[in-house]
Amino acid sequence: MRLGRVLKFRTVLSALVLALGVLFAPGVGIAASHDAYAVSKLTHAQATSMFSSAGITWSSSGGCSNRNVSTCTSFDQLNLATAQGAVTLKHASGCALNITGGTETGHASGTYSHWNGYKLDFGKNTCITNYIHRFTYIGLRGDGAPQYKSGSGNIYADEGSHWDVLYYNCGGC
């Protein structure tokens, strides 16, 4: 009789531990949130190496890469997944890509911001605009920019002179 109770207790305890583990796992259950988790960050040199290898160009109105100067185009503290997402976009679209904005100061703030490494700005051209228009139109952003969502969940906002891209992930890299 006593052995039966011990086995039943162990079974219930094991089930409870398993349920709590799932419930509190990152990205699942009540621990799930839209907060950013720790991500791999790149230096400017690491990002430019990745972009060069993929045939992606970048430009800066100030001709600089200082993260603390708004007229520079910096990739310091860019998320690895964001850089990989740009490479995925280049390969998938076959279009010329020129990055005009990275992690430098001067962009809107927020968790999923340029400063925090989640966004890149791309210069517009017919090829990339036609490619992005294949994604699902999801309506206007708060500032009126039309938005498109890729199958991987990344968001492309048409800001008139350029595409503002929010990378939640690498886009299937």
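One is the number of the first residue; the rest follow in order along the sequence.
Ring centers of Y156 and Y148: at least 6.0 Å apart, outside the cut-off. Taking the six-membered ring for Trp and the full ring otherwise, the centers of F75 and F51 sit less than 6.0 Å from each other.
Residues N154 and F135 have side chains not in contact (no heavy-atom distance under 4.5 Å, counting atoms from C-beta outward). Counting heavy atoms from C-beta outward, E104 and D76 have side chains that stay 4.5 Å or more apart. Here the side chains of I128 and N125 are in contact, with some heavy-atom distance below 4.5 Å. Taking the side chain as every heavy atom from C-beta outward, D121 and H114 approach each other to under 4.5 Å. Here the side chains of T105 and V69 are not in contact, with every heavy-atom distance at 4.5 Å or above. Inter-residue side-chain proximity for H44 and Q77 is flagged as unmet; no heavy-atom pair is nearer than 4.5 Å. Using a 4.5 Å heavy-atom cutoff, the side chains of N169 and Q84 are not in contact. Under the 4.5 Å side-chain criterion, counting only non-hydrogen atoms from C-beta, R134 is not in contact with N130.
Pairs engaging residues 162-173 under the salt bridge (Lys or Arg N to Asp or Glu O under 4.0 Å) rule: K119-D164, R141-D164 [sequence neighbours left out].
K41 and N79 form a side-chain donor-acceptor contact under 3.5 Å, judged by distance and modelled atom types alone. Between T129 and W163, the side chains place a donor N or O and an acceptor N or O closer than 3.5 Å (distance only, hydrogens not considered).
Hydrophobic clustering of Ile, Leu, Val, Met, Phe, Trp and Tyr side chains at less than 4.5 Å, counting indirect connections, keeps I138 apart from L89. In the hydrophobic clustering of ILVMFWY residues, with side-chain heavy atoms under 4.5 Å counting as a link, Y131 and F122 come out together. Hydrophobic clustering, with ILVMFWY side chains joined whenever heavy atoms are under 4.5 angstrom apart, keeps I132 apart from Y118. By the rule that hydrophobic residues join a cluster once side-chain heavy atoms approach within less than 4.5 Å of another member, V165 and Y137 end up as members of one cluster. Taken together through direct or relayed side-chain contacts under 4.5 Å among Ile, Leu, Val, Met, Phe, Trp and Tyr, L166 and L140 form parts of separate hydrophobic clusters.
Considering T73, T100, N98 in turn, N98 is the only one that fulfils the side chain to side chain donor-acceptor pair (under 3.5 Å) rule with S59.
Under a 3.5 Å cut-off, the side chain of S49 and the backbone N or O of A45 do not form any donor-acceptor pair. Using a distance-only test at 3.5 Å, with no hydrogens or angles considered, no donor-acceptor pair links the side chain of T71 to the main chain of S61. Between the T103 side chain and the S74 main chain, a donor and an acceptor come within less than 3.5 Å of each other. With N116 contributing its side chain and G110 its backbone, the two residues share a donor-acceptor pair below 3.5 Å. Side chain of T82 to backbone of L78: no donor-acceptor contact under 3.5 angstrom is found.
Between C127 and S93, the closest heavy-atom pair is SG-O, 4.3 Å. When all heavy atoms of A157 and A145 are compared, the closest pair comes out as CB-CB, 4.3 Å. Across all their heavy atoms, A83 and L42 have their closest contact at CB-CD1, 3.6 Å. Closest approach of H91 to A54, counting heavy atoms only: NE2-CB, 4.3 Å.
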(request) Give the C-alpha distance, both sets of side-chain angles, the deciding distance and a yes or no for side chain to side chain contact (heavy atoms under 4.5 Å, CB included) between V39 and L80. (result) CA-CA 7 Å; V39 294; L80 174 60; over 6 Å; no
(request) Begin with the C-alpha distance, continue with both residues' side-chain angles, and end with the deciding distance and a verdict on side chain to side chain contact (heavy atoms under 4.5 Å, CB included) for T57 and I99. (result) CA-CA 6 Å; T57 60; I99 301 171; over 6 Å; no
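Taking OG of S40 as the reference point, atom CD of Q46 lies at 10.0 Å (rounded to 0.5 Å). Note that OH of Y168 is 11.5 Å distant from OG of S152, once rounded to the nearest 0.5 Å. With values rounded to the nearest 0.5 angstrom, I155 atom CD1 is found 7.0 Å from S150 atom OG.
Within 6.0 Å of the NZ atom in K124, the count of heavy atoms belonging to other residues, nucleotides or ligands exceeds 12.
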